[in-house]
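Only a predicted model underlies this, so the values are computations on that prediction, with no experimental measurement involved. Note on naming: letters A, B, ... go to the chains in the order of the sequence lines (proteins, then strands), and numbering restarts at 1 for each one. Reckoned from all heavy atoms, side chains included, excluding hydrogens, waters and symmetry mates.
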Number of protein chains: 2
Amino acid sequence: MKELTPRQQEILDFLQQQHQANGSMPSCQEIAGHFGFRSPNAVTEHLRLLRQKGVILREPGKARALRIVTPLQKLRRCVQDIPLYGSIPAGFAEAREQQAEGCVSVDINSVGYQPTRNAFALRVTGESMIGRHILDGDLVILEHGPDPRNGEIVAALIDGESTLKTYVVKQGKPYLKAENPKFPNLIPAQELVIQGVFRALIRPAKV
Amino acid sequence: MKELTPRQQEILDFLQQQHQANGSMPSCQEIAGHFGFRSPNAVTEHLRLLRQKGVILREPGKARALRIVTPLQKLRRCVQDIPLYGSIPAGFAEAREQQAEGCVSVDINSVGYQPTRNAFALRVTGESMIGRHILDGDLVILEHGPDPRNGEIVAALIDGESTLKTYVVKQGKPYLKAENPKFPNLIPAQELVIQGVFRALIRPAKV
DNA sequence: CCAAATACTGTATGTAAATACAGTATGAAA
DNA sequence: TTTCATACTGTATTTACATACAGTATTTGG
C-alpha cells in the first residue's frame, strides 16, 4: 500500500468520522459540500485514488456504498452488544433492554464464543470468586437459559442481588459454592433462581 | 415502544445483518429483492412502521440513510480495534498492523480506559501470572510506551517471546517477577525490552 | 360484523447520487 | 523542459433510489 497524500488522509478521516457518527457513508455531494468543492468530480477522483491505494472498497453505481479497509478491520469480526445490568432482581425477560445500565461491546472472536440474545453482563462486586480468578470490578458475560453443568460458574439471585457462585452437584443435589473461604458455602440451589451461566470475562483497567 | 410484528422483526434483523456485513444499509429495492417483494412500496410501508415504532431513524430523500436505534446502541460507546499479536519479537513500530494475528474489538466503556494507538493485545500462554489472576488463554490488552510503575504487570521480551511479569523495584533496581512459585523469579529488567504495560484483560469462553 | 391496521402488487415519478467528458492549475519526477 | 500525478472547476447524463398514487387480500380489535 502506497502512502496517502495529506488531502487523501483528510478525506479518509472524514469518511471514517461520518460513518461513526451517522452509521452510513456520506454521498459524493456531501463530501464535496464538506470540503467546499464545487464539483462532485473532485470527490470521484479522490475516491478513485483511495480505492486504487486499497484503503477503501466501492460498489460502482451504488449510493453511499463505500467501505474503509484497514488492516485491522479485515481481521475484525462481528461486534456484539451485550446489555450490562447492575443486578437482575426478578424475571429476566422483562428486564431485557429496558433497564440496562450500560452496554458491553465485544467481537465474538475475542470473547471466544457467539453470544445469543440471552447474553448479559454483570459487574462483579466483592472478592467472593477469587478462587476462580474473578476479581472485584470485573465484567462477566453470562448466558441466560442453559442448565449449568457441575463446576460451572453461575449468577444466582440471592437476597435480591445477582451473585456469582460455583454450581456443584454433590450426591445428586445441586449446591452453590463461594470460591472464598471467608464466604458462606454450599447453599442449596433448589429454591434459588439461576440467572445465567458464566461464559467470558472482561477486566477493565484500574483507574 | 410497541411490539414489533414477526414480519417487522424480520425486516429489522435483515437491516442489522446487512449493516454489519456491508457497513451500509440496503436500499429499498435491495430489501424488496431479498424478501421477494415485487413492489418497493412494501418496503416503504414497513420502514414507515418501523420508524413510527421508534426502532429506526430515517433521513427522508437520502439513499441508504437509515439507522437502527436500539436501547443498547444508545448506551454503546466507541468501539476500538486493537491488534492482537502472537508475540512481538523485536521493534514495536515495524510490527504494528502488518503481522497482527487478529483483532480485539472492545468499547472503551467496557475496557475502562481509552486505548491509544500504541495499544496491543497478547494471548497469554501458561500459568506464570496466576498469582495476579491471569490465566492461560486470556487476552491481555497492553499499552506500549509508558514507563511501568512498581507492581504493574508488563510484557517483556524474554528469549524471543513476549512474557508477562510483574515489574518490581527493589532497592532502586527494577526486576521482573513471575507470579507463580514454579517459575524463576526476579530477572534484572535492565537488559530486557519492556514491550507494554498491562491495562485490561479479556477471558474468552472455554471451548 | 365492520373498521382499522398489516402486508402486500403494479405503475409511475421526481430527485439524489454516481458517473462521464472536457478543461485548468500546480508541484514533483525524469 | 517535458511528463505525469494530484487537485480541482463546470456542465451534462444516466441511473439508483425514495416516494407517491391506486388498489387488493388478510388479520385484528371493538
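Judged by distance alone, the side chains of B:E152 and B:T166 never bring a donor and an acceptor atom under 3.5 Å apart. With hydrogens and angles left out, the side-chain atoms of B:D13 and B:Q9 include a donor and acceptor closer than 3.5 Å. Side chains of A:T116 and A:E143: a donor-acceptor N/O pair is present below 3.5 angstrom, by distance only.
Here A:T44 does not reach the OP1 or OP2 of C:dA20: none of its side-chain N or O atoms lies under 4.0 Å away. The phosphate of D:dT11 has neither OP1 nor OP2 within less than 4.0 Å of any side-chain N or O from A:R38. Listed pair A:H46 / D:dA7 meets the phosphate criterion, a side-chain N or O lying under 4.0 Å from OP1 or OP2. A close approach under 4.0 Å does not occur between any side-chain nitrogen or oxygen of A:Q52 and OP1 or OP2 of D:dA5.
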List, with names and distances, any nitrogen or oxygen atoms from the protein found under 3.5 Å away from nitrogen or oxygen atoms belonging to nucleotides 24-30 of chain D.
none

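Between B:P26 and B:L15, the closest heavy-atom pair is CG-CD2, 3.8 Å.
When heavy atoms are screened at a 4.0 angstrom cut-off, A:P40 is found touching base atoms of the nucleic acid. Nucleic acid contact for A:R58: sugar-phosphate only, since backbone atoms but no base atoms lie under 4.0 Å from a heavy atom of the residue. Counting non-hydrogen atoms under 4.0 angstrom, A:S27 reaches the backbone sugars and phosphates but no base.
Atom pair B:R51:CZ and D:dT19:P shows a separation of 10 Å (rounding to whole Å applied). Protein atom CD of A:E45 is 16 Å distant from nucleotide atom P of C:dA18, rounded to whole Å. At whole-Å resolution of the value, NZ in B:K53 and C1' in C:dA5 are 10 Å apart. One interatomic measurement links the two molecules: CZ of A:R64 to P of C:dA16, which rounds to 11 Å at whole-angstrom precision. In this structure, the CG atom of A:L50 is 13 Å from the C1' atom of D:dA7, given to the nearest Å. Rounded to whole Å, the distance from CG on A:N41 to P on C:dA17 is 17 Å. For B:F35 and C:dA7, the CZ to P distance is 12 Å, given to the nearest whole Å. The distance between atom CG of B:L4 and atom C1' of C:dT6, rounded to the nearest whole Å, is 13 Å.
For the helix from C:dC1-D:dG30 to C:dA30-D:dT1, the terminal axes (five pairs an end, C1' atoms, rotation from four pairs onto the next four) enclose an angle of 40°, given to 10 degrees.
Counting heavy-atom neighbours within 6.0 Å of B:R132 CZ, excluding the residue itself, gives a total above 12. Under a cut-off of 6.0 angstrom, the local environment of CZ in A:R7 is crowded, with over 12 non-hydrogen atoms contributed by other residues, nucleotides or ligands.
Here D:dA7 is the nucleotide among C:dA18, D:dA7, C:dC8 with the atom lying nearest to any side-chain atom of A:T5. When distances run from any side-chain atom of B:Q8 to the nucleotides C:dA7, D:dC17, D:dC8, the shortest one goes to C:dA7.
Counting only distance, with no hydrogens or angles, the side chain of A:R203 and the backbone of B:H133 share a donor-acceptor pair below 3.5 Å.
A donor-acceptor contact under 3.5 Å is formed by the side chain of B:Q29 with the base of D:dA18.
The 5' end of DNA chain C is approached more closely, in terms of each residue's nearest nucleotide, by B:L49 than by the other of B:A42 and B:L49.
A ring-centre distance under 6.0 Å is found for B:F14 and B:F35.
Distance check: B:I194 CD1 to B:L157 CG gives 10.0 Å after rounding to the nearest 0.5 Å.
The pair A:R64-A:E30 counts as a salt bridge, with a side-chain nitrogen and a carboxylate oxygen less than 4.0 angstrom apart.
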